Amino acid sequence: MSFLEEVERVQDKLPARRLSRPMLVGIVCLAAAIVMLTALGVASTARGDFVVGNTASSSSAATETLAGDDGVDDASGQDGTQEQANESASSSSCFVYVVGAVKKPGVYELDADSRVNDAVSLAGGFDQSADRAAVNLARPIVDGEQIYIPEEGEQAPVPEADESSKAPSAGTSSGGSSDGKVNINSATESELESLPGIGEVMAGRIVEDREEQGPFAAPEDLMRVSGIGEKKYASIADLITV
């Protein structure tokens, strides 16, 4: 049916007081426009619901995937952090064996940057008979070493040397001799500190004395150094040479 025929059909149904043809055309056009707009609105709404639904599903799936990945990353990161903490803890501590004139001899675990004083404190402190001046309390500790605290008038035993502390080969500058004694004319301050009762200050005095007055002619000449009397010299006499 053509548009004009539709207009005539509507005009026939109207009361006797009919509208003019232009008005009818306008009414029919308006009605057709309303129908088309309504149809377009329904279609658009349906399409919008479909798009929104798909977008929400995609977003939910993406969120779950990211959450799963984050969980894996967090677990992996926690494992790595724990391993690093364990390695750090094992490398920042060491063990020493404290014996001699202390109240509680034994093996103790300390921080790697601890001093002999810390080890003696863990061992209960000095015994009443301890020769406190014979120990360098400020010396850094070494993992696996034995710290011996001698009694008054006792000669401290010389600890066994490991591979890293053996005397250098002939021709090198060293304060050691072939019989294992410390040469007080050529020993460095650190080598002199290996002697019982010789700390950092006393070792410095020995080096300063031989530089000012010349080398020692005999081991007994060590007593010319301020602070080394007969008693202290007797405790190291068998350990030194010239």
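Just so we're clear, the structure is a prediction, and the values are computed from it rather than from any experiment.
Looking at L222 and I236, their side chains come closer than 4.5 Å, going by heavy atoms from C-beta outward. Looking at heavy atoms from C-beta onward, I228 lies in side-chain contact with M202 at the 4.5 angstrom threshold. Residues T241 and V182 form no side-chain contact, since every pair of their non-hydrogen atoms from C-beta on lies 4.5 Å or further apart. Residues R115 and I141 have side chains not in contact (no heavy-atom distance under 4.5 Å, counting atoms from C-beta outward). Side-chain contact between V107 and V96: absent, with no pair of heavy atoms (C-beta onward) separated by less than 4.5 Å. At least one side-chain heavy atom of V102 sits less than 4.5 Å from a side-chain heavy atom of P105. Using a 4.5 Å cut-off on side-chain heavy atoms (C-beta onward), I147 and V99 make no contact. Here the side chains of L122 and L110 are in contact, with some heavy-atom distance below 4.5 Å.
By the criterion of side-chain heavy atoms lying less than 4.5 angstrom apart, applied directly or through intervening Ile, Leu, Val, Met, Phe, Trp or Tyr residues, V135 is not grouped with Y148; the two fall into different hydrophobic clusters. If you chain together hydrophobic residues whose side chains sit under 4.5 Å apart, I206 and V201 never meet in one group. Note on Y233: it clusters hydrophobically with I184, by side-chain heavy-atom contacts below 4.5 Å among ILVMFWY residues.
In this structure a side-chain-to-backbone donor-acceptor pair under 3.5 Å is present from E191 to T188. With hydrogens and angles disregarded, no donor-acceptor distance shorter than 3.5 Å links the side chain of R132 to the backbone of F126. Judged by distance alone, the side chain of N117 and the main-chain N or O of A138 form no donor-acceptor pair under 3.5 Å. The closest donor-acceptor contact from the side chain of N185 to the backbone of F216 lies under 3.5 Å.
Of all the heavy atoms in S186 and R210, the pair that sits closest is N-NH1, 3.7 Å. In this structure, K181 and I240 approach most closely via the heavy-atom pair CD-O, 3.6 Å. The two residues A203 and E193 have their closest heavy-atom pair at CB-CG, 3.8 Å. Nearest heavy atom pair, residue P150 against residue A134, reads CG-CB, 3.7 Å. Closest heavy-atom contact between I149 and A130: CG2-CB, 3.9 Å. Considering all non-hydrogen atoms of both residues, V207 and A187 come closest at CG2-O, 4.4 Å.
Side-chain contact, S129 with E152: no donor N or O sits under 3.5 Å from an acceptor N or O.
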From CA spacing to verdict: side chain to side chain contact (heavy atoms under 4.5 Å, CB included), R205, S226: CA-CA 7 Å; R205 290 180 184 175; S226 176; 4.1 Å; yes
Intermediate values then yes/no, side chain to side chain contact (heavy atoms under 4.5 Å, CB included), V98 and K104: CA-CA 8 Å; V98 185; K104 297 178 181 179; over 6 Å; no
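R224 pairs by the salt bridge (Lys or Arg N to Asp or Glu O under 4.0 Å) definition with D209, not counting sequence neighbours. Listed by chain and number, the residues in a side-chain hydrogen bond (donor to acceptor under 3.5 Å, both in side chains) with E220 amount to none (sequence neighbours excluded). Not counting sequence neighbours, the partners of E145 by the salt bridge (Lys or Arg N to Asp or Glu O under 4.0 Å) test are R139.
Considering OG of S121 and OH of Y108, their distance stands at 11.0 Å, rounded to 0.5 Å. Rounding to the nearest 0.5 angstrom, the gap separating the CG atom in L192 from the CD atom in E200 is 12.0 Å. Separation of atoms CG (D113) and OG (S92) is listed at 8.5 Å; rounding is to 0.5 Å.
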